[in-house]
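Below is one structure, written out as structure tokens; comments come after it.
Computed from a prediction, not measured in an experiment: that's the story for all the values here. Here is the naming used below: chain letters follow the sequence lines, and residue numbers restart at 1 for every chain. Note that these values count all heavy atoms, side chains included, but never hydrogens, waters or copies made by symmetry.
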Protein chains: 2
Amino acid sequence: MKSAVEPLKARRIYLLLRDRIVAGDMPAGARLPGEPALAAEHAVSRVTVRRALDLLEKEGLVQRKAGSGTFVHDTRSVRPIVADLSNVLSHLIDMGRSTDVKLLSFGYGAPSEAIAESLGLKPGERVQRSVRVRLIDGEPFSYLTTHVPEWLGLTYSEAELAARPLLELIERSGVTTERATQAINATLAGPEAAAALDLEIGSPLLTLTRIVYEPSGRGVEHLHALYRPDRYSFHMDLVRTGGDGERRWSPALGWPRAPEKAKPEKVKSGEKPTRVPRAIKQRS
Amino acid sequence: MKSAVEPLKARRIYLLLRDRIVAGDMPAGARLPGEPALAAEHAVSRVTVRRALDLLEKEGLVQRKAGSGTFVHDTRSVRPIVADLSNVLSHLIDMGRSTDVKLLSFGYGAPSEAIAESLGLKPGERVQRSVRVRLIDGEPFSYLTTHVPEWLGLTYSEAELAARPLLELIERSGVTTERATQAINATLAGPEAAAALDLEIGSPLLTLTRIVYEPSGRGVEHLHALYRPDRYSFHMDLVRTGGDGERRWSPALGWPRAPEKAKPEKVKSGEKPTRVPRAIKQRS
DNA sequence: GGAACCTGTATGATCGATAATACAGCTTTG
DNA sequence: CAAAGCTGTATTATCGATCATACAGGTTCC
């Protein structure tokens, strides 16, 4: 029996600490246990602990001060983009107008079986495939793979795709979009997406798969989007709509969300290192 | 300069192949390149390729036949649970009535700073913290961590929490829930969640963070949910509601999605590693 | 049947990750 | 200042992942 491919120990400790930090077990500014203590706690060597801390530091989750300790960095300083889920598509279009787009790949060819089926293509019908990366402030945050039927793709040029939202181009061609389905999931970054999004292979990604239909029911766009979770997430506000015993909820539409001004009080000098709270004891 | 913690080569190839399969590049039933060919293509040894294929086989994505080849398994046989996003909460409650729940942890204590802030607690106010795992057909698919203000948590017992949906217990106490916000994101499985969900550490997870408010604006529930993406995903149907040049969309409410029944032959069980304490069955 | 594939399995060599230890330099505390 | 703690750095040893190779046994096709 071969040993299964097990993640490295350093990675395990990195994940453990990261979870504690983002879960709020360790407030921003708190000093986490020293490297020797962490090594003893997890039964690994100090070198391995340092590797884990290296990763945390590179992600900006902690800040190390020689001679002093390792401190939880104020994570609210790097707030991710927020997409209101009740209005994703128009939101994305708005973003298409305020962010940069890099067109990585563009061409026509035979679709895969899965794409052909989801778009409802006739056998032998070809598609246009494009891969784009969206950037905000010069940093990539989404990796988009779109498939469009050939007859529709031919109505715009490669340069136009790089400059304008795809849905706008689709509608410009005379097609009316009426209905869409989308699914949200999670996956790990493969080599290509990792390179495009400036991530390590194996990083977590949010995925959105969307199919847009025209009134006749034909699919006109198949989108597979990968998002960096640290730079993008979906939000929605829900309001209660069901009867008293029903507990039914609906998305609250229309309101532009308040931009979440987090007011973190900076931890100043003269403050004693907050002892790490031993959250809530699990009972054994 | 120390080499950064880099994912194992086998893992990289596993991710690469997995992406190709789920992207539909290789239709179900197709035979993928032989192990020597894959080894040459990715400049690794055949042993490493086999490791990657072991992972794919364990996840049910491929099927290996000695002497013949490795074939893409029909992925449609393992459809994940689908939650309609336009109606998540009631959907979850419905599921609470048809799935098993294990209560892993239950207790009271001081909340973390992040929890206290999001629930709008007064300084010093305590919370009830519980960790539960939901199972469908005996297989875990979600790992739920909830925080509830102490005054509210005291209105129900530990056994009740294990048997009934939390929102139902909250409303039973007389609190009316009016508004909620939720955010969807992705992360990697830490040691605890990985063990509870029967996954390897570092597996991708869908996350849902939800805060439910009562009319006064006080938070009454903070939920942090982790979902196995192969067993759970969010779906939504969108309809066009905006004007002609507007491209505005809204979730289509109302219709419960057909659960896409597909009963695969059970591959192999053989193991029941559940060492989780206190499994409480519930069924109406 | 037999050639040419394939997967399954085993071997020893090599390289990277980890362990154990030691020490330097900085910060905080008394 | 001095003690104690911390991070930063280096060294050597060990263990696991990977490599390169070889062979066994099944499948496909001529």
Side-chain angles (χ1 to χ4, degrees), chain A residues 1-17 26 29-58 61-73 200-202 267-276, chain B residues 1-17 26 29-58 61-73 191 200-202 268:
Chain A
M1 162 133 174
K2 329 172 183 314
S3 65
V5 176
E6 191 184 339
L8 309 173
K9 294 188 182 181
R11 188 176 187 82
R12 236 175 47 199
I13 296 175
Y14 154 72
L15 290 170
L16 183 69
L17 292 175
M26 298 163 161
R31 202 199 76 209
L32 39 86
E35 291 170 5
L38 286 174
E41 181 185 345
H42 300 98
V44 297
S45 85
R46 214 190 115 204
V47 185
T48 306
V49 168
R50 298 201 95 251
R51 286 241 176 136
L53 294 178
D54 287 343
L55 289 176
L56 289 172
E57 188 178 30
K58 201 168 71 174
L61 283 171
V62 302
Q63 195 169 359
R64 299 206 265 190
K65 281 195 274 237
S68 177
T70 303
F71 300 86
V72 178
H73 192 268
E200 308 238 350
I201 291 173
V267 176
K268 285 306 174 199
S269 55
E271 225 168 314
K272 54 192 117 186
T274 338
R275 186 138 311 277
V276 173
Chain B
M1 174 112 187
K2 309 176 192 320
S3 64
V5 177
E6 191 183 337
L8 309 174
K9 295 188 181 181
R11 189 176 187 81
R12 234 174 51 197
I13 296 174
Y14 153 72
L15 289 170
L16 183 70
L17 294 175
M26 299 167 157
R31 203 201 78 207
L32 39 86
E35 291 170 5
L38 287 173
E41 181 185 345
H42 300 99
V44 296
S45 86
R46 214 191 114 205
V47 186
T48 306
V49 168
R50 297 201 95 252
R51 287 244 176 132
L53 293 178
D54 287 343
L55 289 176
L56 288 171
E57 188 178 29
K58 203 170 70 174
L61 283 170
V62 302
Q63 197 168 359
R64 299 206 264 189
K65 282 196 271 240
S68 177
T70 303
F71 301 87
V72 178
H73 194 266
E200 307 240 349
I201 291 173
K268 195 165 300 181

DNA chain C: B:Val47 or B:Pro36, which has the more 5' nearest nucleotide?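 Between the two, 5'-proximity favours B:Pro36.
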
Nearest heavy atom decides the nucleotide; on that basis, is A:Thr48 or B:Gly69 closer to the 5' end of DNA chain C?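 Whichever sits nearer the 5' end wins; that is B:Gly69.
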
Nearest whole Å is fine: how far is [N] [atom2] from [X] [atom1]?
X       : N      : atom1 : atom2 : value
A:Arg51 : D:dG8  : CZ    : P     : 15 Å
A:Glu35 : C:dC26 : CD    : P     : 17 Å
B:His42 : D:dT18 : NE2   : P     : 14 Å
A:Arg50 : C:dA20 : CZ    : P     : 17 Å
A:Leu8  : C:dA19 : CG    : P     : 11 Å
A:Arg46 : C:dA19 : CZ    : P     : 13 Å
A:Leu55 : C:dA17 : CG    : C1'   : 13 Å
B:Arg64 : D:dT27 : CZ    : P     : 16 Å

What distance do B:Lys9 atom NZ and A:Ile201 atom CD1 have between them, rounded to the nearest 0.5 Å?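 Answer rounded to 0.5 Å: 12.0 Å.
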
Between the protein and nucleotides 24-26 of chain D, list the N/O to N/O atom pairs that are separated by less than 3.5 angstrom.
from: D:dG26; atom 1: N2; to: B:Gly67; atom 2: O; distance (Å): 2.8

Write down the atom of [X], the atom of [Y], and the distance for their closest heavy-atom approach.
X       : Y       : value
A:Met26 : A:Pro33 : CE-CD, 4.2 Å
A:Arg51 : A:Ala10 : CB-CB, 3.6 Å
B:Ser68 : B:Arg31 : O-CD, 3.8 Å
B:Tyr14 : B:Ala52 : N-CB, 3.6 Å

N or O in side chain of [X] less than 4.0 angstrom from [N] OP1/OP2:
X       : N      : value
B:Lys9  : C:dG16 : no
B:Thr70 : C:dT7  : yes
A:Lys65 : D:dG8  : no

For A:Lys58, is there an ion pair with A:Glu200 - N to carboxylate O distance below 4.0 angstrom?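 Salt bridge between A:Glu200 and A:Lys58, a charged N being under 4.0 Å from a carboxylate O: yes.
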
Based on the rotation axes of five pairs at each end, what angle does the helix from C:dG1-D:dC30 to C:dG30-D:dC1 bend through, to 10°?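 Nearest ten degrees gives 30° for this helix.
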
Could you pull out all residues at least two apart from B:Arg46 that satisfy salt bridge (charged side-chain N to carboxylate O under 4.0 Å, His left out)?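 Scan of B:Arg46 (salt bridge (charged side-chain N to carboxylate O under 4.0 Å, His left out), adjacent residues dropped) gives B:Glu35.
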
Worked verdict on B:Leu8 versus A:Leu8 for side-chain contact (heavy atoms from CB on, under 4.5 Å): CA-CA 8 Å; B:Leu8 309 174; A:Leu8 309 173; 3.5 Å; yes

Table please: side-chain donor-acceptor pairs of residues 36-43 of chain B below 3.5 Å, with sequence neighbours left out.
from: B:Glu41; atom 1: OE2; to: B:Arg20; atom 2: NH2; distance (Å): 3.1
from: B:His42; atom 1: ND1; to: B:Leu38; atom 2: O; distance (Å): 3.0

